[in-house]
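To start, the structure under review is shown below, and the notes come after it.
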2 protein chains.
Amino acid sequence: MPGRHAPAAGDHGTRQGRGRPTGHDVAGAAGVSQATVSLVLGGKWEGRVSTRTAEAVRAAARELGYRPNLAARTLRLGRTRTALLVVPALTNDFFATVHRGAAEVAGAHDFGLVLYPSPEGIDAAPDPFASARTALDGVIASSMAPEALTALRGEGLPLVMLDSDEGACDATVNVDLADGIRQVVAHLRDMGHRRIAHIAADVDSWTFEVRARALEEELHANGATLVGAARGPLSVAGGLEAATQVLTAAYGPHAADTAEGSPTALVCDDDLLAVGALKAARRLGLRVPEEVSVTGIDDVALATAVEPELTTVRLPAERVGAAGMRALLAVLDGQQVEPARLPVQLVVRGSTGPSPSGGLPRP
Amino acid sequence: MPGRHAPAAGDHGTRQGRGRPTGHDVAGAAGVSQATVSLVLGGKWEGRVSTRTAEAVRAAARELGYRPNLAARTLRLGRTRTALLVVPALTNDFFATVHRGAAEVAGAHDFGLVLYPSPEGIDAAPDPFASARTALDGVIASSMAPEALTALRGEGLPLVMLDSDEGACDATVNVDLADGIRQVVAHLRDMGHRRIAHIAADVDSWTFEVRARALEEELHANGATLVGAARGPLSVAGGLEAATQVLTAAYGPHAADTAEGSPTALVCDDDLLAVGALKAARRLGLRVPEEVSVTGIDDVALATAVEPELTTVRLPAERVGAAGMRALLAVLDGQQVEPARLPVQLVVRGSTGPSPSGGLPRP
DNA sequence: GTCGTCCAGTTATACGTAAAACGAGAGGGG
DNA sequence: CCCCTCTCGTTTTACGTATAACTGGACGAC
């Protein structure tokens, strides 16, 4: 046997190159054809291959450390068993948890999940496929701009949206934010708060519209009033800015002595904004929660990192991700998927307390 | 022309199926062969195809919305122009920024970048390829457990490590943490601090060993002493726990009146730990920075979300990612890459102040 | 006129897998 | 004895791309 020679065609069973072993190599080692290898390793061999041959194939594959070439498989099958998860940002660890939930379900179904953090945050979304570099079977997307969404739809890929309007996609998984707001307002009412301000995200997204509408309705239903509102970018800095604006208008040196009065509680669209609001209150010399209460939404790690810890609405991030992935799998399976609406729960911590202005309304 | 018929072989130029157009479709539309399409679109047509034909091909491709099948290309070429970025966790937005930097460079070189958050944090790493579902050209990894690293090396893939020991990989990109610690200690010395405690991460990783060693050396060089140390998980809760341990030993009800005395400053291995230390101090009734100073490392968003804001060492996260990707590209290009060591900068904020115990050492 | 030599393409092939179509031998029934 | 079925495989093909190998003219040079 000479030392080196070019890989001869039909040289079944010997492998010279440094590349990964292929199905043909396994076939050679096991003394069968590549087709048999594919059948056995694909699990569809029952009644077509004898048990001992199947075992020999598996042994050879194990021996050589064979792993099928994904590109070849994809080319052949036209599917990849891979999904893309598009998230607006990773500075909010809510989405990191969503990913974990989705990845777990994906793994259990032998699916891959590629995480795509939309670079421009929530607004723009350049071609995710350029980044993913994979043919995809479907997409799970969170809070996407309409333009990016239509681009995605143009690909003809199954699409599951998280926290988004129903329609225009194959399935939705939402959290019951209206109920979350309801719990927040009820909690504040029980604490005696009647004048409430809204620190909102300046993002034109369905999920934030829901929060605003629910807040309005719940305040009305509880006999409370909205005294001030401001919008800011979805970040701590944005919350700081918006809350400063609201609080200086109410408590600042030139406070307009409005008929409505000053807010005793700030309801914020998410935890980042709420933490910004905490900072704003502190900078203005307002004590939290003695003088002003603050609430958030999400219950991210940040919520318990600050002092006082944040009263917030805990969203089941992991379940959202898991449900999103399951919905996508169902869609790929041709099933009809009805919209999911996951429950949320208020977590009361140190950032809310009794209203300074009035006594408790209950006896 | 009958309504429907099976796709006839050799039916050049007409496309019935709902699938994406292929190179053959473009060829049919442009009146050339698939090979010519590949040549033109691949950019290697100069001197082989006339300009007007090339233009016709490009027009047809544009018209049909042709996009090459990645799987087929990968299968043919054996490379994917895709890299994997392995990060320990996404709760720390440092890595989100690293990803952004790497993704930008990747995009500029027509490379894809898939983000893989190691589920078990820093310790274990199940097969990333199962998740990525792509053949990969290389890997950029951050703070990996040795076992996961060897598994990765076993794939024979080019590997660039971030903040890791040199050797055992093809290139490293580090930040100059020793210098960061030097700046921290110098700052504390200037503030009169002589007794310092170390809040460390209980992670056996090169990058944290560097911090511990550097702190030891710098304290010695500046005539300060280490009075207490504790390790905790890399999180706010971990920092809270470790710092509580250190501070109660020094200031608590049963404080051992050690010869060394109590620490006036806590140097923490990262910002999460530092925020936990802030909480611990506050809970024990110690004011920051009046009674105890706290420093972190990373300068994540969290650092400015808390009150007081954190004095910390800013790491050039985006540059780390960019340098990592560039290093990988160079390795793939067969070049020798020398280890990079990026500069860091101390950012002084509200969590550090003059030592309460002694006057300033300088005139 | 014959022979290179370009030009402007085409034809053919390989990548590794999945699966449809196709045997070959054994055994059984009529 | 022939045909049918059943078992256990093999041969072949297609997926879409990149590129090596080839071709058929046109054009000069000798």
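All chains are named by letter (A, B, ...) in the order of the sequence lines, taking the proteins before the strands, and each is independently numbered beginning at 1. Below, each value reflects all heavy atoms present in this structure, side chains not excepted, and no hydrogens, waters or symmetry copies.
Remark: side-chain polar atoms of A:Asn69 are paired, donor with acceptor, to backbone N or O of A:Ala71 under 3.5 angstrom. Panel note: side chain A:Thr53, backbone A:Val49; no donor-acceptor pair is recorded below 3.5 Å. Side-chain atoms of A:Ser38 do not come within 3.5 Å of backbone N or O of A:Gln34 as any donor-acceptor pair.
With rounding to whole Å, B:Arg67 atom CZ is found 15 Å from D:dG16 atom P. Between the CG atom of A:Leu64 and the C1' atom of C:dG16 there is a distance of 15 Å, rounded to whole Å. What separates CZ of A:Arg79 from P of C:dT17 is a distance of 16 Å, to the nearest Å. Summarising the geometry, the separation between CZ on A:Arg73 and C1' on C:dT17 is reported as 8 Å, rounded to the nearest angstrom. For the pair B:Leu75 CG and D:dG16 P, the interatomic distance rounds to 12 Å; values are reported in whole Å. In this structure, CG of A:Asp25 is placed 8 Å from P of C:dG16, rounded to the nearest angstrom. As rounded to whole Å, 3 Å separates atom P of C:dT17 from atom OH of A:Tyr66. In this structure, B:His24 atom NE2 and D:dG16 atom C1' are separated by 7 Å, rounded to whole Å.
At the heavy-atom level, A:Leu77 lies under 4.0 Å from the strands shown only through sugar-phosphate atoms.
More than 12 heavy atoms of other residues, nucleotides or ligands lie within 6.0 Å of CD in A:Glu55, so this atom counts as buried by the packing criterion.
Here D:dT19 is the nucleotide among D:dG16, D:dT19, C:dT17 with the atom lying nearest to any side-chain atom of B:Ala35. In the set C:dT17, C:dG16, C:dT10, the nucleotide with an atom closest to the side chain of B:Thr36 is C:dT10. When each of C:dT11, C:dT17, D:dT12 is scored by its nearest atom to the side-chain atoms of B:Ser33, the top-ranked nucleotide is C:dT11.
For the 3.5 Å distance criterion, the side chains of A:Asp137 and A:Thr82 fail to qualify, holding no donor opposite an acceptor.
When side chains are defined from C-beta on, A:Leu329 counts as touching A:Phe111, because their heavy atoms get closer than 4.5 Å.
A salt bridge does not link B:Glu63 to B:Arg58: none of the charged nitrogens lies less than 4.0 Å from a carboxylate oxygen.
Using a 4.0 Å cutoff on non-hydrogen atoms, the parts of residues 39-55 of chain A near DNA chain C are A:Lys44, A:Arg48, ordered by number.
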